[in-house]
2 protein chains.
Amino acid sequence: MTRWLDADEQRTWRNFLSATQLVNEALDRQLQRDAAMPHAYYMILVALSEAPERRMRMSELAARAQSSQSRLSHAVARLEERGWVRRDRCPEDRRGNIAVLTDDGFAAIAAAAPGHVAEVRRSLFDVLTPDQVRALDEICATVRNTLER
Amino acid sequence: MTRWLDADEQRTWRNFLSATQLVNEALDRQLQRDAAMPHAYYMILVALSEAPERRMRMSELAARAQSSQSRLSHAVARLEERGWVRRDRCPEDRRGNIAVLTDDGFAAIAAAAPGHVAEVRRSLFDVLTPDQVRALDEICATVRNTLER
DNA sequence: ACCAAGTATATGAGAGTTCAAGTAAATTGA
DNA sequence: TCAATTTACTTGAACTCTCATATACTTGGT
């Protein structure tokens with residue numbers, strides 16, 4: 001009953017797996033090497049740095065940083081140990097926590113950003129034509145809208 | 001000096017991260033739920049199952065399964081515990097090891113494959129038009145050829 | 001006011017990954 | 001021929017992630 005992948009689909013699928021893994025590995029290696037953090041942490045810090053007053057509820061932060069709640073909890077615990085994030089109790093909902101980016105945290109991400117952007121360009125944008133970038137954007141938006149939630 | 005991402009590039013980049021992460025999470029969840037293995041293990045078993053006599057040198061297997069040598073070593077150790085893979089010493093190069101897919105291992109992957117292929121279709125091929133699939137193939141091939149090695 | 005159900009987050013255990021270092025065998029080259 | 005280098009693979013520790021479970025608070029009926 002299974003509709004197997006034909007030769008073209010196999011090729012596409014394997015190219016997809018290779019390409020996405022290579023990009024992710026390049027990102028992670030660069031960040032780990034130059035900024036001592038995994039990409040997941042970087043995304044958390046970026047999300048916080050863009051929030052008003054650099055503070056956000058944990059659950060919203062999880063959504064923005066594309067993290068599960070559990071992963072975020074663990075990550076923020078580590079980031080707190082480094083002094084990059086602080087947790088405030090939420091006054092209007094006392095179950096809630098608010099993650100706050102500290103000045104040290106902001107400095108850390110400001111220092112990490114240029115190298116990271118360079119790596120993003122090196123591993124993705126620089127190797128594609130403008131048309132390919134446009135196509136990729138649409139493809140990813142479609143996938144995202146379909147699978148999200 | 002940093003050339004930051006403009007608004008379009010930001011959108012593309014975030015769509016790319018979301019889409020690829022969603023696909024990978026869907027794959028991993030399906031395999032973990034229905035076949036009790038992570039995607040990385042699945043790729044190792046697939047690579048072995050396609051090899052002549054279902055056996056391959058560790059280093060070549062790492063390349064085919066897109067795994068680091070260290071990851072592969074750990075993974076094969078686990079797969080060996082399950083009785084899905086065996087390790088033979090390599091006669092002509094006694095440093096080498098040859099991973100061999102056992103009958104149980106072959107049965108495991110044969111059982112896992114249909115659900116996995118279904119998930120691949122659900123999360124990628126079914127949501128894209130044929131043109132998009134072709135474009136994605138080219139894009140990923142380009143990225144792959146650039147970053148590989 | 002009370003209790004059941006739902007929500008927000010944390011926590012712990014188990015598993016996989018990475019990185020650095022370790023072992024063993026092959027190769028190089030003086 | 002033998003020391004130095006390189007190659008193949010493994011190992012251990014540190015870290016992150018996932019999943020299941022726990023905790024604390026809130027909400028919606030009754």
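Residue numbering restarts at 1 for every chain, and letters A, B, ... go by the order of the sequence lines.
The side chain to side chain contact (heavy atoms under 4.5 Å, CB included) test with A:Val100 is passed by exactly one of A:Arg86, A:Glu53, A:Glu80: A:Arg86. Between A:Val85 and the choices A:Ile44, A:Leu45, A:Thr102, the side chain to side chain contact (heavy atoms under 4.5 Å, CB included) rule is met once, by A:Leu45.
For B:Ala40, there are no side chain to side chain contact (heavy atoms under 4.5 Å, CB included) partners, not counting sequence neighbours. Remark: B:Tyr42 engages B:His116 in a ring-ring contact (aromatic ring centres under 6.0 Å, His included) (not counting sequence neighbours).
Position along DNA chain C of the nearest nucleotide to B:Ala75 versus A:Val76 favours A:Val76 as the more 5'-ward residue.
With no hydrogens or angles considered, no side-chain donor-acceptor pair links A:Asn97 and A:Arg87 at under 3.5 Å.
Scanning residues 22-55 of chain A for heavy-atom distances under 4.0 Å to DNA chain C yields A:Arg29.
Here salt bridge (charged side-chain N to carboxylate O under 4.0 Å, His left out) pairs that include residues 8-27 of chain B, with residues two or more places apart or in two chains, are A:Glu50-B:Arg14, A:Arg121-B:Glu9, A:Asp137-B:Arg11, B:Asp8-B:Arg11.
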Footprint string (nucleotides 7-13 of chain D, 5' to 3'): B base within contact, S backbone only, - free, heavy atoms under 4.0 Å: BSBBBB-
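Annotation for A:Gln132 and B:Ile139: closest pair O-CD1, 3.4 Å, computed over non-hydrogen atoms.
A cation-pi arrangement is present between B:Arg54 and B:Phe106 under the rule of less than 6.0 angstrom and at most 45 degrees off the ring axis.
Mapping heavy-atom proximity under 4.0 Å, the span of DNA chain C touched by chain A runs 5' to 3' from C:dG6 to C:dC19.
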Kindly indicate, with the supporting measurements, whether the criterion salt bridge (charged side-chain N to carboxylate O under 4.0 Å, His left out) is fulfilled by B:Arg78 and B:Glu81. CA-CA 5 Å; B:Arg78 300 290 157 275; B:Glu81 288 169 8; 3.3 Å; yes
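Note on A:Arg94: a side-chain N or O is less than 4.0 Å away from OP1 or OP2 of D:dT26.
Here A:Asp103 contributes atom CG and A:Trp84 contributes atom CH2; the two are 14.0 Å apart, rounded to the nearest 0.5 Å.
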